[in-house]
Amino acid sequence: MTKKILVVDDEPSISMLIEFNLKLAGYEVRCVQDGEAVFDMLQSFRPDLIVLDLMLPKMDGIEVCRELRRQQNAVPIVMLTALQDVTDRIAGLDNGADDYMTKPFSPQELISRIQAVLRRVQSLPGASAEAPYELGRLTVHPAQREVTVDGRPVELTPKEFELLLFLCRHRGKVLSRQQLLQGVWDYHFLGDTRIVDVHISHLRDKIEASARSPEHIMTVRNVGYKLSDPGADSALAK
């Protein structure tokens, strides 16, 4: 089935460039020019992914992301921004974007990013037969895509859940940022590892008793991260 991409950008030249290349790659494409129009298109077009500019009239990209996630709409989002300040790019990830690219960009790289995000979404149903992971206070249910800490549900964005699940599947192993980019974002090229750090920070805020002194997601200096099981580690220490 042909995947549907909604392009949201108020610059006609950018929209036309993206639309042309996405159609050439075999996608069905619709374009709108302001943030409010996104919510009308969700019903009439039902996109599989949204390419979303940050700076938009009526409702900017951050507001669109925030509202979509507030409505618990998990449609993947690739954010576009002309702003070079890393805080602006991080703001998109903070509010639920799955990835971002800065303008000017290569249409071929944008298509690669879109394909990577869609592959990750398509691979998720494979978790349906996977048993829950129980690590101390933390429990991850792959089939239900649910996370609890001390029995209380924790609300994660789709990408935060994918990252946590990937860490669970490789618990105890040290994973480099590049390995996490490839495993979670499906980047087979050198990506911006800041994406990993931002999502790790968000996960810690949500699942750790203290983000400053994490029990589960540990930093391995100059390498990356690993997921630990506090209960198992304590038992081994006795």
Side-chain angles (χ1 to χ4, degrees), residues 54 62 65-66 68-69 72 74 76-79 81 85-102 113 116-117 119-121 123-124 127 130 132-142 145-150 152-233:
L54 178 62
I62 299 298
C65 274
R66 187 182 297 124
L68 285 170
R69 299 317 184 215
Q72 298 187 329
I77 297 170
V78 176
M79 183 80 79
T81 173
D85 190 338
V86 70
T87 58
D88 293 299
R89 302 198 295 272
I90 292 171
L93 299 175
D94 278 345
N95 287 279
D98 295 272
D99 198 359
Y100 67 82
M101 292 191 67
T102 54
R113 298 284 186 99
V117 171
R119 276 197 297 269
R120 293 302 306 167
V121 173
S123 70
L124 288 176
E130 197 169 349
Y133 294 92
E134 297 184 1
L135 302 99
R137 301 163 50 247
L138 174 69
T139 304
V140 179
H141 300 270
R145 293 180 58 81
E146 293 176 352
V147 175
T148 60
V149 174
D150 290 333
R152 295 188 295 272
V154 177
E155 189 172 318
L156 301 181
T157 68
K159 191 58 64 178
E160 288 166 0
F161 180 84
E162 291 171 37
L163 175 57
L164 181 57
L165 183 58
F166 188 82
L167 287 167
C168 285
R169 289 168 173 167
H170 299 85
R171 59 195 180 280
K173 296 180 181 178
V174 179
L175 300 170
S176 70
R177 291 171 175 82
Q178 197 61 41
Q179 285 176 307
L180 291 168
L181 272 177
Q182 181 171 331
V184 179
W185 284 264
D186 202 16
Y187 291 177
H188 294 275
F189 51 89
L190 188 61
D192 185 349
T193 57
R194 180 63 177 166
I195 295 175
V196 175
D197 295 332
V198 169
H199 281 78
I200 290 289
S201 176
H202 293 168
L203 276 176
R204 282 174 169 163
D205 286 340
K206 293 179 179 182
I207 70 171
E208 302 283 6
S210 170
R212 291 178 177 270
S213 302
E215 298 179 315
H216 297 94
I217 304 177
M218 314 303 293
T219 299
V220 180
R221 186 179 294 275
N222 298 324
V223 182
Y225 301 98
K226 74 171 182 177
L227 186 69
S228 296
D229 182 344
D233 294 344

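Since this is a predicted model, take the numbers as computed values, not measurements.
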Euclidean distance, His202 NE2 relative to Lys159 NZ, rounded to 0.5 Å: 14.5 Å
Distance in Å, Ser228 OG paired with Leu138 CG, rounded so as to fall on 0.5 Å steps: 11.5 Å
Heavy-atom pair with the smallest gap, counting every atom of Tyr133 and Pro142: CE1-CG, 3.8 Å
Under 3.5 Å: donor-acceptor pair, side chain of His170, backbone of Leu175: no
Atom of Ala97, atom of Met79 and distance for their closest heavy-atom approach: CB-CB, 4.3 Å
Residues that Asp205 engages under side-chain hydrogen bond (donor to acceptor under 3.5 Å, both in side chains), provided they are two or more places apart: none
Between CD1 on residue Ile207 and CG on residue Leu227, distance to nearest 0.5 Å: 7.0 Å
Value rounded to 0.5 Å, distance of CD1 in Ile77 from CG in Leu68: 5.0 Å
Contact check, side chains of Leu180 and His199, non-hydrogen atoms, under 4.5 Å: no
Least distance between heavy atoms, Arg177 atom then Tyr225 atom: NH2-OH, 3.5 Å
N-O pairing of Asp229 and Arg171 below 4.0 Å: no
Reported SG-to-CG distance for the pair Cys168 and Leu164, which is rounded to 0.5 angstrom: 4.5 Å
Any Val184 side-chain heavy atom under 4.5 Å of Ile195 side chain: no
Over all atoms of both residues, closest heavy-atom pair of Arg137 and Ala209: NH1-N, 3.8 Å
Residue pair Thr139 / Pro132: nearest heavy atoms and the distance that separates them: CG2-CB, 4.4 Å
Minimum heavy-atom distance between His216 and Leu135, given as atom pair plus value: NE2-O, 3.1 Å
Glu208 side-chain N/O to Ile217 backbone N/O, donor-acceptor pair under 3.5 Å: yes
Note: Arg119-Asp98 ion pair, threshold 4.0 Å (strictly below): no
Donor-acceptor pair, side chain of Arg69 and main chain of Asn95, under 3.5 angstrom: no
Value rounded to 0.5 Å, distance of CD in Glu134 from OG1 in Thr148: 8.0 Å
Lys206 side chain vs Glu155 backbone, donor-acceptor pair below 3.5 Å: yes
